There are 2 protein chains.
Amino acid sequence: MNDTLGSWKRTHYCGDLRAEHIGSKVCIMGWVQRRRDHGGLIFIDLRDRTGIVQLALDPDRDPEAHTKADRIRNEWVIAAIGTVSPRPEGTVNPKMKTGEVEIEISELRILNQAKTPPFMLDEYTDVAENLRLKYRYLDLRRPTVQHCLMMRHQVTRTVRNYLDEEGFLDIETPVLTKSTPEGARDYLVPSRVSPGQFYALPQSPQLFKQLLMVSGFDRYAQIVKCFRDEDLRADRQPEFTQIDCEMSFVDRDDVMDIMEAMIARVFKETINVELSLPMPRMAYAEAIDRYGVDNPDLRFDLELVEITDIVRGCGFKVFADVAGSGGMVKAINVKGGSGLSRKELDDLTGFVANYGAKGLAWVKMTADGWQSPIAKFFQPEELRAIEQALGAAEGDLLLFVADKPATTNQALGRLRQHLGQKLDLVKKGDFRFVWITDFPLLEWDEEQKRHVAVHHPFTAPLDEDIPLLDSDPGKVRAKAYDLVLNGSEIGGGSIRIHDQAIQQRMFNLLGIDDEEAQLKFGFLLDALSYGAPPHGGIAFGLDRLTMILAGTDSIRDVIAFPKTQKATCLLSEAPGEVDPAQLRDLGIRLAARAKS
Amino acid sequence: MNDTLGSWKRTHYCGDLRAEHIGSKVCIMGWVQRRRDHGGLIFIDLRDRTGIVQLALDPDRDPEAHTKADRIRNEWVIAAIGTVSPRPEGTVNPKMKTGEVEIEISELRILNQAKTPPFMLDEYTDVAENLRLKYRYLDLRRPTVQHCLMMRHQVTRTVRNYLDEEGFLDIETPVLTKSTPEGARDYLVPSRVSPGQFYALPQSPQLFKQLLMVSGFDRYAQIVKCFRDEDLRADRQPEFTQIDCEMSFVDRDDVMDIMEAMIARVFKETINVELSLPMPRMAYAEAIDRYGVDNPDLRFDLELVEITDIVRGCGFKVFADVAGSGGMVKAINVKGGSGLSRKELDDLTGFVANYGAKGLAWVKMTADGWQSPIAKFFQPEELRAIEQALGAAEGDLLLFVADKPATTNQALGRLRQHLGQKLDLVKKGDFRFVWITDFPLLEWDEEQKRHVAVHHPFTAPLDEDIPLLDSDPGKVRAKAYDLVLNGSEIGGGSIRIHDQAIQQRMFNLLGIDDEEAQLKFGFLLDALSYGAPPHGGIAFGLDRLTMILAGTDSIRDVIAFPKTQKATCLLSEAPGEVDPAQLRDLGIRLAARAKS
């Protein structure tokens, strides 16, 4: 039988007790981390979310408490009253925040017992993740995981305070909403009141936040759950959280200025890192040219160098053919990388193959010149031109990809990011931000044989590119911006189209005729015709931002109750079967059942 | 063709300009509230979320701007640069915050045009609500509606700051979760990855917040969307927002103390009302006895008085029969109410009939004694005993209900709240809070022939009532508490069961055997067995709290994009039909289609 809490009130958290409390009578409550007996005394390490403090039970001081303590096992929940005392000479533990003191217990209550946990609750648990997720409430007792969620709390608090100070209004948008045309796959919710009809869970509050601007709220912000029913990658969850903002009467710089200051505030208040502002801004075309990707990791150089013109007439047929047929030849110079083994080079070739590159040519720069299978195909002046373009010197490793421009950039850009990790080119605790701007507005979809929006159909074109909408839509640049940190996109947004006629033209370019546009986006087009201000916004992925700040590489560490890659919750066993009566109410049947 | 924003940056909001800005060059942007021409000048009232300022356009100062202004219509979006100037003598408008100044415009840009809105956007719009909801983005331009949403922002900000200071961690719980046994009807979400299985949207994060306590997070808070697929009443929405809290190592008083201080902070920071703490606390039995209901409006007296014993042997058969057969006779004394007409008394009789009362007896106290159809049935000493019990005096109106105790209390209690409104007994701006405690843990459900939980199955019984769980479960009181404000429940919670054995007994009392309990609540029972601390919490309805603070009586005023009573969004037309391919992906079919 457990003791009740009765009239006891906790006076302190375990981890807060210090030498300054010596002599105080305290009442603390928590979980038994460890019990040990030593010379007739019982010592208990008591844990709560703040840390651990040592309790000492002496049978001479209170035989009853000592007897009770004798029964106690790990993870039992207890409350104790006692006096904070200095630890005896030689037993001070400088590794613990509370290591100078212990509590001499005079009264003890056992509030709850605990079975032996299915895994150790230490910081370095190396347990199958499925077991941890099934017993998530135990996994969440580990200080490292608690740290991640406390970090998340700090991030959201800082973000909310900043946005409030800047005049953003926290306004909730619907969760039961309408299916998104042009988006990813929606989660659907059958309606009972209107059988055969469905709500959709929002992929983002995009249209609602634009409508709030049309309403004149001027600045909107919300930390909001969004949903995508997509096949999950390691770092994706079916429900995820965005820091979602929208502002009126602004252009791109206004949004970027105010948002990078928010990020700086978050870094300062959570991990005490001062970021220097403004953050650099780079056009998409430059990012692709120098880094091959639109999310470059700027913690290291290793830039891509184009040598198409140099190799156009060379004797290496692969390069010459690509250069002669509208393709692109690029290379990176891995400084001091000539020591890589043949096996390692094969692995890198395999790596670029994942991105569609048909091969990876390599050159080791030795005292004797090029050591490379392709050296023999080049004239001396070509060798020198390539060396010069790449700044090659003895000991370097040159890596080449020749392919269609998109493939060359993608493959070599990804290889660059990969080598940054593999060769340890990144300094721990280095945070390199860059805004990528001037994205293309549209890209051609080969499968659908039509243009699709690179961001979404509401993104505004650059003012000076508007005439190209008719003449060369693929060339139109968008008023879009992504914030990239250490090679990860942590947020993105755009100035939106606020002119109804341009929005209609945009839909047409995406192959949506006026009738379909009215059907799918009628309320947006209507809203734009009743006095929409210029506006734009951004959304940051809270999960990823928190991961970076907490220094973890699993998204599941920063979500209290995450789902697996099969979108199941191992704890609650969601999703699950439901009562057939519930389905009848909703007017739906399971397809398998309908067949039989 | 509209002008672009170009490099213009807004310097001030419209409503912020004052005499102190006279002489400043400003750039403002907003919506045209009104344009008028006066002696060759054009005046524009420009509006943004902060208010309205007057622009003056003089053709002599800038002919181009003046010409542009001539085209402008209401609700067009413009930007203007000009100099803040004192209004000419005699044109100062003391009713406007900006009434001392106007802006002499030197440059003007038309950022967007606007069709004539389908209804007037003034503060007193008396338009069919369906039209307002269809054009919600226009309805939201009205200052009264904007005020409600700004109030909501202030409430959430104050709540979050307070809870953060008090050590509550903001932790998100899942939206895609498991169907709730024992709850209201869930919204379901079919799973694509696991066909035939469904997620449910949470009715509350109840179990997750309890698990967070088992994890040792100690204090949790979240402002969170919850969902119930119920037939909607006027003040209900399918998705609603709760201020959801949970604390460990606490008893009832700890939760009530910390939460009433939060409410006091909210009232102070939003409407500058000082509440006196602690708030009164009243046991459920006393509330029923004195007010007939568990959500009494304490802004007025009009208490219920039981006269069962007095009328037990009286000559009025209705009273005597009820008193003699375990029923209850109660009355209220409407001071000075004897002037009510026969029609009004009939209406009151109709009112109590809605709550199952078979009749409403009445007595008008006149100089000549009782004027009442039932006067003749009573002996003089019975009349006097009743008068004395009710403190009746000349001019009063006595109203009686005789029925089963539950019906008598409910009917007369509701009548009391009704009369409080009808007779104007409530003082505007009076806020009377009361905590109702010691609710019954269980109530008997005649239909299901079993006990059901009054709050939910996780509510702890009073320690001293635990033995009654076996002997007389209907008598067990719960560690539950509701906060009632002016007759509305604004929040409720309880101390939870943290002992696994008691939780299991509770399930048994609800007719859930061990096997079913393990199936439905296995993860909770498991969690309770691994070291659960004593814990409890509360949830407040943010929508209703905001309604009270904003002084509105429609829940739709405090929700940006509300749904109708048919759970539809007239703006986005959700719910809607979806592509059959989407249903195929999910493995479901429409029942109607399956039949054909």
Side-chain angles (χ1 to χ4, degrees), chain A residues 4-5 10 29 49 75 77 112 114-115 137 140-141 153 156-157 164 169-171 174-179 187 189 191-194 196-199 211 214-216 218 225 229 239 249 463 523 527 529-534 560-561 566-567 571-572 574-576 578 587-591 594, chain B residues 4-5 10 29 49 75 77 112 114-115 137 140-141 153 156-157 164 169-171 174-179 187 189 191-194 196-199 211 214-216 218 225 229 239 249 463 523 527 529-534 560-561 566-567 571-572 574-576 578 587-591 594:
Chain A
T4 60
L5 198 55
R10 178 168 56 185
M29 307 184 184
R49 79 178 199 200
E75 300 305 319
V77 183
N112 216 343
K115 293 193 292 193
Y137 46 89
L140 286 172
R141 285 188 189 163
H153 169 82
T156 56
R157 177 184 60 189
D164 176 58
L169 294 170
D170 186 339
I171 299 177
V175 176
L176 293 170
T177 179
K178 180 120 180 183
S179 195
Y187 278 103
V189 182
S191 162
R192 181 179 55 84
V193 183
S194 312
Q197 304 208 311
F198 292 80
Y199 304 96
L211 294 180
V214 175
S215 296
D218 201 74
K225 276 277 176 75
D229 185 11
E239 54 183 286
F249 300 110
D463 296 338
F523 66 100
S529 71
Y530 282 111
F561 301 102
K566 293 195 160 165
L571 169 68
S572 66
V578 295
I588 61 174
R589 300 175 66 170
L590 302 183
Chain B
T4 60
L5 198 54
R10 177 169 57 185
M29 307 185 183
R49 79 178 198 202
E75 301 304 318
V77 183
N112 216 342
K115 293 193 293 194
Y137 47 88
L140 286 172
R141 285 189 189 162
H153 170 81
T156 56
R157 175 185 62 188
D164 176 57
L169 294 169
D170 187 338
I171 301 177
V175 177
L176 293 170
T177 178
K178 179 118 181 187
S179 194
Y187 279 103
V189 182
S191 162
R192 181 179 54 85
V193 182
S194 312
Q197 304 207 311
F198 293 79
Y199 304 96
L211 294 180
V214 175
S215 296
D218 202 71
K225 276 277 177 75
D229 185 10
E239 55 182 284
F249 300 110
D463 295 338
F523 65 100
S529 70
Y530 282 110
F561 301 101
K566 292 193 160 168
L571 169 69
S572 65
V578 296
I588 61 175
R589 300 175 66 171
L590 302 184

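Labels below follow one simple rule: chain letters A, B, ... track the order of the sequence lines, proteins then strands, and each chain is numbered from 1. Remember, predicted model here, so these are calculated numbers, not experimental data.
- For A:V193, the part lying near chain B is the side chain, with the backbone staying farther off; criterion is any non-hydrogen pair under 4.5 Å.
- Here A:T177 contributes atom OG1 and B:F561 contributes atom CZ; the two are 9.5 Å apart, rounded to the nearest 0.5 Å.
- Ranking B:S529, B:P575, B:G576 against chain A, the residue ahead of the rest is B:P575, based on heavy-atom pairs under 4.5 Å.
- Interatomic distance, OG1 of B:T156 versus CG of A:D170, reported as 4.5 Å (0.5 Å rounding).
- Comparing A:V175, A:T4, A:L211 by heavy-atom pairs within less than 4.5 Å of chain B, the highest count is held by A:V175.
- For chain B, the nearby part of A:K225 is the side chain; its heavy atoms alone come within less than 4.5 Å.
- Evaluation of the ring-ring contact (aromatic ring centres under 6.0 Å, His included) rule for A:Y137 yields no partner, not counting sequence neighbours.
- The environment of NZ in B:K115 is crowded: more than 12 heavy-atom neighbours from other residues, nucleotides or ligands sit within 6.0 Å.
- Residue contact with chain B, scored on non-hydrogen atoms closer than 4.5 Å, involves the backbone and the side chain of A:P533 alike.
- When all heavy atoms of B:F198 and A:I588 are compared, the closest pair comes out as CE2-CD1, 4.1 Å.
- Ranked by non-hydrogen atom pairs under 4.5 Å with chain B, the options A:L5, A:V578, A:L176 are led by A:L176.
- If you measure heavy-atom distances from B:I171 to chain A, the contacts under 4.5 Å come from the side chain alone.
- In terms of modelled atom types and a separation under 3.5 Å, the side chain of B:R141 and the main chain of A:V214 share a donor-acceptor contact.
- Of the atoms belonging to A:S572, heavy atoms from both backbone and side chain fall under 4.5 Å from chain B.
- Interatomic distance, B:R157 CZ to A:D164 CG, rounded to the nearest 0.5 Å: 4.5 Å.
- Between chain B and the options A:A574, A:G196, A:S215, A:A114, heavy-atom pairs under 4.5 Å are most frequent for A:S215.
- Heavy atoms closer than 4.5 Å to chain B are found in the side chain of A:S191, but not in its backbone.
- Shortest non-hydrogen contact noted between B:V77 and A:P534 is CG1-CD, 4.4 Å.
- The contact between B:L169 and chain A is made by backbone and side chain atoms together, counting heavy-atom distances below 4.5 Å.
- From B:D229, atom CG reaches atom CZ of A:R192 across 4.0 Å, with rounding to the nearest 0.5 Å.
- The two atoms that bring B:N112 and A:A532 nearest to each other are ND2-O, 2.8 Å, heavy atoms only.
- A heavy-atom distance below 4.5 Å is found between the side chains of B:P174 and A:E239.
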